[in-house]
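Down below is the structure, laid out as structure tokens.
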Number of protein chains: 2
Amino acid sequence: MRTKLSEIAQLANVSIATASYVVNGKSEAKGISEATKRRVLEIARQQGYVPNRTARFLKKGRYHLIALMAPHISDFYAGLLQRIEQLAEARDYQIIFSSTFDSVEREATYLNSLIARRIDGLIILPVDIRAPHLKLLARNRVPTVFFRRRASSTAPQKFMTFNDFEVGRLAAAHLIERGCRRVAFLSAPIYVYHEYLKIIHEARAQGCCAALQEAGLPFDDSHVLLIERSDPNNNAEIADAVIDRRFDGIVSIADDIMVHVVGVLRERGVPLPEAVKAVGCNNTELAHYCVPSLSSVELPRAQLGEAMTEALFRMIDNEVQESDEVLLPPFVVERDSTALDPAALAKGP
Amino acid sequence: MRTKLSEIAQLANVSIATASYVVNGKSEAKGISEATKRRVLEIARQQGYVPNRTARFLKKGRYHLIALMAPHISDFYAGLLQRIEQLAEARDYQIIFSSTFDSVEREATYLNSLIARRIDGLIILPVDIRAPHLKLLARNRVPTVFFRRRASSTAPQKFMTFNDFEVGRLAAAHLIERGCRRVAFLSAPIYVYHEYLKIIHEARAQGCCAALQEAGLPFDDSHVLLIERSDPNNNAEIADAVIDRRFDGIVSIADDIMVHVVGVLRERGVPLPEAVKAVGCNNTELAHYCVPSLSSVELPRAQLGEAMTEALFRMIDNEVQESDEVLLPPFVVERDSTALDPAALAKGP
DNA sequence: CTGTTAGCGCTTTCAG
DNA sequence: CTGAAAGCGCTAACAG
């Protein structure tokens, strides 16, 4: 069976307290003799002693556990999780991931489990900011970083999101700078099954619009193309619209739908980026891998992960409320789909 | 501050034991009166009592925590994590993810933290099966599911992997069935920085070879095309080779490199799937999204996640050694890149 | 039907 | 320099 501290103490002929001091490296401070120290350490080693940190956590009231709750593990959240995990590990914290699948019930259940486990902090994209179970956070004083949607809470908290207006603006500005004059905005209503997604889409559309107007270029509702993803012929219609209406630039709400449309355009013989330039959003792996590779607006994920983790630990350490918002600035990642010099295409992604 | 059991016991004028029974739904078994039960429950409710399960775990010696250790969170491991998390949640277990980044040192450190936390089980792709820290698993009797590489261990354990020979065989067989006669095998040496990856690649190549030979078709080393991913012109050379040597089918070790090559082929005016058919491996998102969408061999991830979780819980429940191996069978997901009827292309992915 | 009590494994104050 | 003992929050004999 697993060795415990009391056994080590017994084998080393010291008290359990002494053993504790030694294995915790406090022998100096406590003035334990070199001899006893070595004896204890040697016995611990040969017994393969691994202290039960949970017992320690219980005693200390800190559990060295934080949780990340998100709708599901997409590419985006996987990257975030990875970054958070790395930073947390440096402080000897582990991280629990929970998918809510956009269900308030699941969220409530999971949150309860997590609080019962006494997580020291939480990073969450809440399903519904009005959900009553979020009050548990305040009541249990769980330091929380809200992402995308903020729930009112009296617990230590911080709110972070991306500047989506800027996402749209940058995408359009990039096309304008590359010489586009008739820019379409590609969106997909099917994405918008959740209120906060709708807000994101609208902000991006507005940003796009603002950039165009600022440049004195036309933009109105007729420039918005909607893909109904459940309808497989829809890509073709969109491509036709781009050709018929002589758009020379497309901003898409997301990379994946753009890749479809670009694929069809090329099949129709429209050269990209020569005749039409395209820029997506979210800078997914797909944008990097498709042919031609797709320029895309990056939401700074690594930076987000860092900001979240740092804010969370600051709250964990000080139990201090950090009520201000953080808006993270996006930036364009240029690839072949908006290249000026066609020769650049040769080099591949 | 957070309410604890003793406080609600006091407020309800019952002993702490009675309160415990009530909040744990054991009032029937213990014959607690309806009145006291309601009183306790009511007070617990209005105090917002959330039991400290960690204390309970300590008492019971079960911590309701399992860990997943993998090189990093790729698409693949994200999906796996998601599935495991779902199944674990149903048993009120949470899951900790740790990335090893292929470093033995990291693995050792993380494993120590996890064992110190007394995880009840582990799913791991070990960095190096000879690493001494893996002995901790046996010594601490941590039920373990090994993935891809198996370390010898006396702890309860199970080994799972995919049948990679079959992956290659299926891919080639699919092309043959679609009428291909000259099949190339696309590989990328840069992938093979890790021994187990080399084994996977070779198994796939052999499977591919076996299928072709069985069908009486030629296959030798000259049919193997190697992409050096660090060299951007390499895609073009590969495409040239395919054209010059009149290959009519390509099996790729992975989807991403295939997508590149397919992209270049189309630029060269080679119609896919009419002139050349292509099938990748791993069935990544990319295969689904690219144009034309790429047929790919799926490694049954969901099934893997389920098998792993079930085996792990069986071991956790029975502390029983499950030493046999499980080989999961892959299958082909057909998409446009191997379509027989070009009309099928119209429908999109 | 309810309460007392001895732990789970570890930390830490306080005495010696 | 070392040890006894209380306690983190909860569970579960055992006693009444």
Side-chain angles (χ1 to χ4, degrees), chain A residues 1-41 44 47-65 92 113 115-120 140, chain B residues 1-41 44 47-65 92 113 115-120 140:
Chain A
M1 216 12 228
R2 258 190 288 244
T3 326
K4 52 187 167 187
L5 193 55
S6 61
E7 288 166 13
I8 304 284
Q10 198 162 25
L11 288 169
N13 270 315
V14 294
S15 81
I16 173 168
T18 305
S20 171
Y21 295 142
V22 172
V23 301
N24 286 304
K26 293 193 187 144
S27 41
E28 311 298 290
K30 290 292 168 180
I32 309 282
S33 71
E34 259 307 302
T36 24
K37 176 181 164 186
R38 263 211 286 277
R39 189 153 31 96
V40 171
L41 250 24
Q47 293 293 314
Y49 174 67
V50 181
N52 183 334
R53 301 190 70 215
T54 300
R56 167 191 248 259
F57 294 153
L58 179 62
K59 177 73 185 170
K60 299 230 180 187
R62 275 288 161 75
Y63 299 86
H64 280 243
L65 224 36
D92 204 12
S113 296
I115 291 181
R117 207 186 262 291
R118 297 294 186 266
I119 50 167
D120 298 320
N140 293 77
Chain B
M1 217 9 228
R2 260 190 287 246
T3 326
K4 50 188 171 186
L5 193 56
S6 61
E7 287 167 14
I8 86 149
Q10 196 164 25
L11 288 169
N13 269 315
V14 293
S15 79
I16 174 169
T18 305
S20 171
Y21 296 141
V22 171
V23 300
N24 286 305
K26 294 194 187 142
S27 41
E28 312 297 290
K30 292 290 170 178
I32 310 281
S33 72
E34 257 310 299
T36 30
K37 174 180 165 187
R38 263 211 286 278
R39 189 152 32 95
V40 171
L41 251 24
Q47 293 293 314
Y49 174 67
V50 181
N52 183 334
R53 300 189 70 214
T54 300
R56 167 190 248 259
F57 294 154
L58 179 61
K59 176 73 186 171
K60 297 229 177 184
R62 276 288 162 74
Y63 298 84
H64 279 243
L65 223 36
D92 203 12
S113 295
I115 292 182
R117 207 186 263 290
R118 297 295 186 265
I119 50 167
D120 297 322
N140 294 78

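Below, chains carry the letters A, B, ... as their sequence lines are ordered, and counting in each starts from 1. Scope of the values below: all heavy atoms of this structure, side chains included, with no hydrogens, waters or symmetry mates.
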Whether A:Arg2 side chain and B:Asn140 backbone form a donor-acceptor pair below 3.5 Å: yes
B:Thr36 vs C:dT2: side-chain N/O to OP1/OP2 distance below 4.0 Å: yes
Touch class at under 4.0 angstrom, heavy-atom based, for B:Tyr63 against every strand present: nothing
Interatomic distance where CD1 belongs to B:Ile8 and C1' belongs to D:dG9 [whole Å]: 13 Å
Separation of atom CG in A:Leu5 from atom P in C:dT11, rounded to whole Å: 7 Å
Touch class at under 4.0 angstrom, heavy-atom based, for B:Thr54 against every strand present: nothing
Minimum-distance nucleotide to A:Ala55 side chain [options: D:dG3, C:dC10, D:dC1]: C:dC10
Touch class at under 4.0 angstrom, heavy-atom based, for A:Phe57 against every strand present: nothing
Residue met sooner reading DNA chain C from 5', once A:Lys60 and B:Arg39 are mapped to nucleotides: B:Arg39
Length of the CD1-P vector between A:Ile115 and D:dG9, whole Å: 16 Å
B:Thr3 side-chain N/O to B:Gln47 backbone N/O, donor-acceptor pair under 3.5 Å: yes
Heavy-atom donor-acceptor pair, B:Lys59 side-chain to D:dG9 base, under 3.5 Å: no
Selection from C:dC8, C:dC14, D:dA13 that lies nearest to any side-chain heavy atom of B:Tyr21: D:dA13
Exam field: side chain B:Arg117 to backbone A:His64, donor-acceptor pair closer than 3.5 Å: yes
Nearest-angstrom distance from the residue atom CZ of B:Arg118 to P of C:dC8: 14 Å
D:dC10 phosphate, OP1 or OP2, under 4.0 Å from B:Tyr49 side-chain N/O: yes
Rounded distance (Å) that lies between atom C1' of D:dG7 and atom CD1 of A:Ile16: 13 Å
Short side-chain to backbone donor-acceptor contact, B:Arg38 and B:Ala35, under 3.5 Å: no
Touch class at under 4.0 angstrom, heavy-atom based, for A:Lys37 against every strand present: nothing
Touch class at under 4.0 angstrom, heavy-atom based, for A:Ser20 against every strand present: base
Rounded distance (Å) that lies between atom P of D:dA4 and atom CD of A:Gln10: 12 Å
Residue-phosphate contact under 4.0 Å: A:Asn52 side-chain N/O, C:dC8 OP1/OP2: no
Presence of A:Ser15 side-chain N/O under 4.0 Å of D:dT2 phosphate oxygens OP1/OP2: no
Phosphate OP1/OP2 of D:dT2: any A:Thr18 side-chain N/O under 4.0 Å: no
Length of the line joining A:Leu58:CG and C:dC10:C1', which is rounded to integer Å: 9 Å
Minimum side-chain heavy-atom gap A:Ile32-A:Lys26 below 4.5 Å: no
A:Lys4 NZ to C:dG7 P, straight-line distance once rounded to whole Å: 10 Å
Side chains of B:Arg39 and B:Val14 in contact at under 4.5 Å (non-hydrogen atoms): yes
